[in-house]
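Here the structure is laid out as C-alpha cells; the discussion comes afterwards.
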Amino acid sequence: QVQLVESGGGLVQAGDSLRLSCAASGRAFSNYAMGWFRQAPGKEREFVAAINRSGRDTAYADSVKGRFTMSKDNAKNTVYLQMNSLKPEDTAVYYCAARFSWVLLTTPREYDSWGQGTQVTVSS
C-alpha cells in the first residue's frame, strides 16, 4: 500500500477551475493505478476519474467528461485532477485512491489505499 495526501481543494465560483494534487509515498508508484472519487453529503462515494499505471490510459465519469483531466507524474509520485468549468453539483469531498494494478480501476472496492480527502465547494 501507499500513503496518499490530497491538496488543492477550495471554494470557487461556477465556471472557475481548480487543480487537485495527490502525493504518494512508498515504493514503486509507477506500478499503481490511481483514481479520483468524490462524495457529497448524504450521497455515496462516486467515481470521477481513473488512470492506469503508465498514465497513458484514462477513464472519466460521464458527468465530468470534457471538463476534468487526470494525469500521472511517476517521477514526482503525484497524480493530478484538473477541473475546469466547475458546477455547483461538483461540490464534494474529493478522494484519491491507489492500487497495485496493470489495468484501470473504476470502482471504490477495487482500491486499497485512500487519502483523507480535500473539500471542493462550487458556489453558483
Side-chain angles (χ1 to χ4, degrees):
Q1 293 187 344
V2 293
Q3 288 72 50
L4 305 172
V5 179
E6 303 97 334
S7 61
L11 171 63
V12 297
Q13 293 187 332
D16 285 350
S17 298
L18 275 177
R19 188 177 79 156
L20 304 183
S21 299
C22 173
S25 60
R27 297 183 298 176
F29 178 72
S30 61
N31 290 327
Y32 282 79
M34 305 291 294
W36 285 100
F37 294 81
R38 67 187 182 187
Q39 188 166 18
K43 294 188 177 181
E44 292 188 355
R45 192 167 297 190
E46 66 173 1
F47 168 72
V48 175
I51 197 164
N52 71 338
R53 55 194 287 170
S54 70
R56 294 191 185 98
D57 294 329
T58 54
Y60 299 93
D62 288 343
S63 59
V64 307
K65 202 170 293 183
R67 299 188 298 122
F68 291 11
T69 302
M70 185 174 185
S71 58
K72 188 173 189 264
D73 188 336
N74 285 327
K76 295 183 178 180
N77 281 18
T78 302
V79 292
Y80 304 96
L81 185 67
Q82 178 66 43
M83 305 186 295
N84 298 329
S85 302
L86 282 162
K87 304 176 181 180
E89 51 263 45
D90 294 319
T91 295
V93 177
Y94 282 71
Y95 297 91
C96 175
R99 175 70 183 265
F100 190 103
S101 173
W102 289 91
V103 299
L104 278 171
L105 306 171
T106 61
T107 61
R109 70 182 71 179
E110 295 176 294
Y111 288 90
D112 58 11
S113 297
W114 291 86
Q116 293 300 307
T118 185
Q119 176 71 47
V120 173
T121 303
V122 184
S123 64
S124 58

**OP:** Please assess Leu4 against Tyr111 for the test side chain to side chain contact (heavy atoms under 4.5 Å, CB included), listing each intermediate value before the final yes or no.
**Re:** CA-CA 12 Å; Leu4 305 172; Tyr111 288 90; over 6 Å; no

Test item: [X] and [Y] side chains (from C-beta on) under 4.5 Å apart, heavy atoms:
| X | Y | value |
| --- | --- | --- |
| Arg38 | Ser63 | yes |
| Leu86 | Leu18 | yes |
| Gln119 | Thr91 | yes |
| Ser17 | Gln82 | yes |
| Thr69 | Leu81 | no |
| Met70 | Met34 | yes |
| Cys96 | Trp36 | yes |
| Leu20 | Met83 | yes |

Original post:
Do Arg45 and Phe37 meet the cation-pi criteria used here (NZ or CZ under 6.0 Å from the six-membered ring centre, within 45° of the axis)?
Top reply: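 Output no; distance or angle outside limits.
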
Please check this pair: side chain of [X] against backbone of [Y], looking for a donor-acceptor N/O pair closer than 3.5 Å.
| X | Y | answer |
| --- | --- | --- |
| Ser101 | Arg99 | no |
| Glu6 | Gln116 | yes |
| Lys72 | Arg53 | yes |
| Asp73 | Asn77 | no |

So which heavy atom on [X] is nearest to which on [Y], and how close?
| X | Y | value |
| --- | --- | --- |
| Ala49 | Tyr60 | CB-CD2, 3.6 Å |
| Pro108 | Trp114 | O-CZ2, 3.5 Å |
| Leu104 | Ala59 | CD1-CB, 4.1 Å |
| Ser21 | Thr78 | CB-CG2, 4.3 Å |
| Ser124 | Ala14 | CA-CB, 4.4 Å |

Would [X] and [Y] show up in the same hydrophobic cluster when neighbours are defined by side-chain heavy atoms closer than 4.5 Å?
| X | Y | result |
| --- | --- | --- |
| Val103 | Phe47 | yes |
| Phe29 | Phe100 | yes |
| Val93 | Val120 | no |
| Val64 | Val122 | yes |

**OP:** Calculate, to the nearest 0.5 Å, the distance between atoms CG and OH belonging to Asp112 and Tyr32 respectively.
**Re:**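 If I round to the nearest 0.5 Å, the distance is 7.0 Å.
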
Original post:
What is the distance from atom CG of Asp16 to atom CG of Leu11, rounded to the nearest 0.5 Å?
Top reply: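 Here the rounded value is 9.5 Å.
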
Original post:
So, Gln3 and Ser25: side-chain donor and acceptor under 3.5 Å apart, yes or no?
Top reply: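 Yes - a donor-acceptor pair under 3.5 Å links their side chains.
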
Original post:
What class does the angle between the rings of Tyr94 and Phe68 fall in, given that below 30° is parallel, 30 to 60° is tilted and above 60° is perpendicular?
Top reply: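 Rings of Tyr94 and Phe68: tilted, as their planes differ by 30° to 60°.
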
Subject >> Lys65 with Asp62: basic N within carboxylate O range, under 4.0 Å >> reply: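 Salt bridge: yes.
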
